[in-house]
Amino acid sequence: MREKVIVERAPAKLNLALHVRRRRDDGYHDLETLFVFARDGDSVSVAVGAPSLTITGPFAAGLDAGADNLVARAELAFCAQFGVTAQHTITLDKHLPVASGIGGGSADAAATLRALATLHGIAHDDAQLIDIAATLGADVPACLLGRAAFGDGKGDALTTIPGLGDMPALLVNPGVAVSTAAVFARWDRVDRGALREGGSFGDDGTLAWALAGRNDLQPPAEQLAPVIADLLALLAQQAGVRLARMSGSGATCFALFDDENARDAAARAIAAVHPAWWRLETAIQ
């Protein structure tokens, strides 16, 4: 009998705003961020079977399928936590660039946890599952939640907020991988203020909240990869843009648009001058 296959989406994560407040004694940073998720991204398929991790898709070559892969680590942690002795055949279909600031690895790990939970009859909001996510990386709990959220602490203390209702968006990566550790190392350690300063959560709506914020990792990322500044300037000058910003530690940047026509026109304009840059025409939920 054919084994049941569980398929989970691993959508791109965006930080609409990201304020870094201080470096903690444990090496992490206290920060405040607005997480939202795209309609598109990677996917993970899991079934009980011979143990393996296969990576497919346009960005498969950039990943190692060994024990250090976040998907493999998520599977190992899940089995240890829940006492699962079954072995799993896993396929990661990789469509998001690697080391690009849109949570690809974190989203993949979270999708693996959700798929394994479904396969073994465990609720997606089980506290043990959330605990596992926190051990895998600061963004994994948000990706496990998969909904718009305000994150503080390491980014894993989450409060759900209104989403953007399928707002048209264009994600662009200029083909450079930026090290998160290197970007944080260049942060100037200046606290420029709270993301929620002057009001409560989303008083004026999530987009207005984001517009009032910033990404404190953008300047150090631009030092490491000056093309990020060029990309942001190009996005900002497109017609119909509501917000253009870098996500996470880069190098992927995004623009939010009034409508799909404006987004599609921007994608064509950028493709005309930089055909090698990765682009994703999507919507933010």
Side-chain angles (χ1 to χ4, degrees), residues 1-14 35-149 151 155-156 158 160 171 248 280 282-283 285:
M1 186 172 66
R2 188 174 180 181
E3 293 290 351
K4 182 178 181 181
V5 178
I6 304 298
V7 180
E8 277 285 339
R9 295 172 56 250
K13 172 270 310 176
L14 293 183
F35 289 113
V36 291
F37 294 88
R39 183 177 55 206
D40 305 289
D42 301 334
S43 67
V44 176
S45 304
V46 177
V48 172
S52 65
L53 171 58
T54 302
I55 305 177
T56 61
F59 289 98
L63 287 176
D64 184 346
D68 285 339
N69 187 288
L70 267 176
V71 168
R73 289 171 54 198
E75 192 263 352
L76 182 65
F78 178 92
C79 291
Q81 181 69 44
F82 291 103
V84 173
T85 58
Q87 296 178 318
H88 301 98
T89 299
I90 303 175
T91 300
L92 166 61
D93 192 23
K94 191 69 186 166
H95 288 258
L96 300 177
V98 178
S100 60
I102 50 177
S106 297
D108 299 339
T112 303
L113 292 177
R114 287 195 301 271
L116 288 165
T118 299
L119 192 62
H120 295 286
I122 295 166
H124 289 187
D125 61 355
D126 188 295
Q128 295 178 84
L129 201 66
I130 297 167
D131 289 344
I132 294 170
T135 69
L136 295 171
D139 283 351
V140 182
C143 292
L144 182 65
L145 177 66
R147 295 177 51 194
D156 57 355
L158 303 171
T160 57
L171 279 58
L280 177 63
T282 187
Q285 299 172 331

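In this text the structure is predicted, and so the values were computed from the model without any measurement. In this chain, numbering begins with 1 at the start of the sequence shown.
Side chains of His95 and Ser43: a donor-acceptor N/O pair is absent below 3.5 angstrom, by distance only.
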Side-chain donor-acceptor distances from residues 74-81 under 3.5 Å, at least two apart:
{"residue": "Glu75", "atom": "OE2", "partner": "His88", "partner atom": "ND1", "Å": "2.8"}
{"residue": "Gln81", "atom": "NE2", "partner": "Gln128", "partner atom": "OE1", "Å": "2.8"}

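The backbone N or O of Ser52 lies less than 3.5 Å from no partner atom in the side chain of Thr89, so there is not a single donor-acceptor pair.
Taking all atoms of both residues into account, the shortest heavy-atom contact from Ala38 to Gln285 is O-OE1, 3.9 Å. Between Pro11 and Leu96, the shortest heavy-atom distance links the atoms C-CD1, 4.5 Å. In plain terms, the two heavy atoms of Val36 and Ala148 that are nearest each other are CG1-CB, 4.0 Å. The nearest pair of heavy atoms linking Ala107 to Ala10 is O-CB, 3.5 Å. Shown here for Ala138 and Asp156, the closest heavy-atom pair between the two residues is O-CB, 3.9 Å. Heavy atoms only, all atoms of each residue included: Leu129 and His124 are closest at CD2-O, 3.5 Å.
The shortest distance between side-chain heavy atoms of Phe37 and Cys143 falls below 4.5 Å. Side-chain atoms of Leu116 and Val84, non-hydrogen and from C-beta on, never get closer than 4.5 Å to each other. Residues Glu8 and Leu113 are not in side-chain contact: their nearest non-hydrogen atoms beyond the backbone lie 4.5 Å or more apart. Annotation: side chain of Thr112 is in contact with side chain of Val71 (closest heavy-atom distance under 4.5 Å). In this structure, Asn69 and Ile55 have side chains that are in contact, with non-hydrogen atoms separated by less than 4.5 Å. The shortest distance between side-chain heavy atoms of Ser106 and Leu136 does not fall below 4.5 Å.
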Practice task
List the steps, then state whether side-chain contact (heavy atoms from CB on, under 4.5 Å) holds for Leu92 with Leu63.
Solution key: CA-CA 10 Å; Leu92 166 61; Leu63 287 176; 4.0 Å; yes

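Within the structure, salt bridge (Lys or Arg N to Asp or Glu O under 4.0 Å) contacts touching residues 126-139 (residues at least two apart or in different chains) are Lys13-Asp139. The salt bridge (Lys or Arg N to Asp or Glu O under 4.0 Å) contacts involving residues 39-68 comprise Asp42-Lys94, where partners must be two or more places apart or lie in separate chains.
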